[in-house]
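Read through the structure below, which is laid out as structure tokens, and then see the notes.
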Amino acid sequence: MDVRTQAADRLLEAAKSGKPCPPVRDLISTAGDGYAVQAINTRRALQEGRRIAGRKVGLTNAETQRKFGIDQPDFGMLYHDRAHLDGRPIRLESLLQPKVEAEVAFVLARDLVGGPFNAAEVIRAVDFALPAIEVADSRIEDWDITLPDTIADNASGGAFVLGNDPRNLRDLSLRDAAMTMTRNGEDVSSGSGARCMGHPLNALVWLANAAGQGEYPLRAGEVVLTGALGPIVVPASGDVFEARIDGLGSVRAAFA
């Protein structure tokens, strides 16, 4: 068994057992290795009947990059069975080490296959934008991650919630859009669109080019979470988070 398969097995066992595992950097050392491991577990998920709902872009916030000593974004898969309705309970026991973050989501009207793509081509492919809450998660104990670790672990993907009021891009100024997130009515995170690679659309352009010639390019109808607009927060049972983003409205995530 090669080391990439060993890394994929370790992460899959952690996900299934609910017990975080040691990092996989003893087995892999590059971003390319990480994506190869991610692809192994993506194929396994699809063989089990799970469906891809889109992608998440991670590590788009400079503060998060500095915290983990990482200097570039990454991406992972979103799955339909990890999508939750606005305000409906998310079971904490379905997650290992969750962290909550507010984001801008885009839903695509066109495929983005091939590339390279410029900003105008990517903007034309967007159907609408939504506010979103991502519940990032890590199968790796204590979030002890390097870039290869988090990429292999599906970019530390967990669950996600989308708002219900789609907005057209031409009506938005996302770079300057302020974000405020509350927990049980108290402010716990704030930021703006500029904190996501300077503009959330920059994250989408980066993703389109990173994935466009790979095994799973972006497809019409898929959702893209573009990355945190402010500090992330650890949830507890009973917490209700609400993220408000100027021009996009709000979205709620509740934890049971």
Side-chain angles (χ1 to χ4, degrees), residues 35 38-39 41-58 60 73-88 90 101-137 154-172 174 177 193 196-197 199-229 243 245 247-253:
Y35 284 115
Q38 183 187 129
N41 280 337
T42 298
R43 289 191 286 270
R44 288 170 168 173
L46 296 177
Q47 288 167 2
E48 291 174 357
R50 300 181 75 187
R51 292 191 298 134
I52 293 172
R55 305 291 184 285
K56 59 151 292 180
V57 187
T60 58
D74 68 351
F75 69 88
M77 299 295 176
L78 298 178
Y79 291 99
H80 279 278
D81 60 359
R82 289 293 187 159
H84 295 269
L85 296 176
D86 187 343
R88 299 297 298 163
I90 299 170
E101 52 193 62
E103 308 192 7
V104 173
F106 297 115
V107 177
L108 300 179
R110 304 179 185 178
D111 294 350
L112 285 167
V113 179
F117 301 102
N118 60 39
E121 291 169 323
V122 172
I123 289 170
R124 282 197 297 269
V126 174
D127 194 1
F128 53 86
L130 293 167
I133 289 176
E134 181 188 356
V135 186
D137 200 8
N154 196 36
S156 302
F160 65 101
V161 186
L162 300 178
N164 292 321
D165 189 8
R167 303 293 173 90
N168 192 292
L169 286 186
R170 65 174 56 91
D171 301 323
L172 300 171
L174 291 175
C196 176
M197 295 180 68
H199 194 298
L201 280 167
N202 290 343
L204 180 59
V205 173
W206 175 86
L207 174 65
N209 285 301
Q213 297 184 34
E215 187 174 358
Y216 304 103
L218 296 174
R219 298 291 185 180
E222 290 188 339
V223 176
V224 175
L225 302 183
T226 53
L229 304 185
I245 302 173
L248 283 180
S250 67
V251 58
R252 295 165 300 151

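Scope of the values below: all heavy atoms of this structure, side chains included, with no hydrogens, waters or symmetry mates.
- Smallest separation of non-hydrogen atoms from Leu172 and Ala129: CD1-CB, 3.9 Å.
- In this structure, the side-chain contact (heavy atoms from CB on, under 4.5 Å) partners of Asp165, at least two apart in sequence or on a different chain, are Arg167.
- When side chains are defined from C-beta on, Tyr79 counts as touching Asn154, because their heavy atoms get closer than 4.5 Å.
- Nearest heavy-atom pair, Ile52 versus Glu222, reported as atom, atom and distance to 0.1 Å: CG2-OE2, 3.8 Å.
- The structure places CG of Leu207 at 8.5 Å from CG of Leu112, a figure rounded to the nearest 0.5 Å.
- When side chains are defined from C-beta on, Thr60 does not count as touching Thr226, because their heavy atoms never get closer than 4.5 Å.
- Between Ala132 and Ala105, the shortest heavy-atom contact is CB-CB, 3.9 Å.
- Using a 4.5 Å heavy-atom threshold, the side chains of Leu201 and Leu169 count as touching.
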**Message:** I'd like to know whether Met197 forms a side chain to side chain contact (heavy atoms under 4.5 Å, CB included) with Trp206, so could you lay out the CA-CA distance, the side-chain angles of the two residues, the decisive distance to 0.1 Å, and finally the verdict.
**Reply:** CA-CA 10 Å; Met197 295 180 68; Trp206 175 86; 4.0 Å; yes
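- Arg82 pairs by the salt bridge (Lys or Arg N to Asp or Glu O under 4.0 Å) definition with nothing, not counting sequence neighbours.
- For residues 102-114, the pairs satisfying salt bridge (Lys or Arg N to Asp or Glu O under 4.0 Å) are Asp111-Arg219, with sequence neighbours left out.
- Listed by chain and residue number, Ile90, Ala159, Val161 satisfy the side-chain contact (heavy atoms from CB on, under 4.5 Å) test with His84 (two or more places apart in sequence, or in another chain).
- Looking at residues two or more places apart in sequence or on another chain, you find a ring-ring contact (aromatic ring centres under 6.0 Å, His included) between Phe75 and Tyr35.
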Identify all side-chain donor-acceptor contacts of residues 113-128 below 3.5 Å with residues at least two apart in sequence or on another chain.
from, atom 1, to, atom 2, distance (Å)
Asn118, OD1, Ala120, N, 3.1
Asn118, OD1, Glu121, N, 2.8
Glu121, OE1, Asn118, N, 2.8

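- For Asn168, the side-chain contact (heavy atoms from CB on, under 4.5 Å) criterion is met by Arg170, Asp171, not counting sequence neighbours.
- Of the residues Leu130, Leu85, Asp86, the one that meets the side chain to side chain contact (heavy atoms under 4.5 Å, CB included) test with Leu162 is Leu130.
- Between Ala220 and Ala109, the shortest heavy-atom contact is CB-O, 3.5 Å.
- Listed here is the closest heavy atom pair of Gly212 and Pro217: O-CB, 3.6 Å.
- You'll find the side chain of Leu204 reaches within 4.5 Å of the side chain of Leu218, heavy atoms only.
- Residues satisfying the side chain to side chain donor-acceptor pair (under 3.5 Å) test with Asp137, not counting sequence neighbours, are none.
- Taking the side-chain contact (heavy atoms from CB on, under 4.5 Å) definition, one finds that Ala243 meets it with Ala102, Ile133, Met181, Val251, sequence neighbours left out.
- Without hydrogens or angle criteria, Ser156 side chain to Ala136 main chain gives no donor-acceptor distance under 3.5 Å.
- Taking Arg43 as the reference, Glu215 meet the salt bridge (Lys or Arg N to Asp or Glu O under 4.0 Å) condition, with sequence neighbours excluded.
- Asn41 is linked by a side chain to side chain donor-acceptor pair (under 3.5 Å) to Arg44, counting only residues two or more places apart in sequence or in another chain.
- Applying the salt bridge (Lys or Arg N to Asp or Glu O under 4.0 Å) test to pairs two or more places apart or on separate chains, none has a residue in residues 203-214.
- Between Arg55 and Leu78, the shortest heavy-atom distance links the atoms O-CD1, 3.2 Å.
- For the pair Met77 and Tyr216, the minimum side-chain heavy-atom distance is below 4.5 Å.
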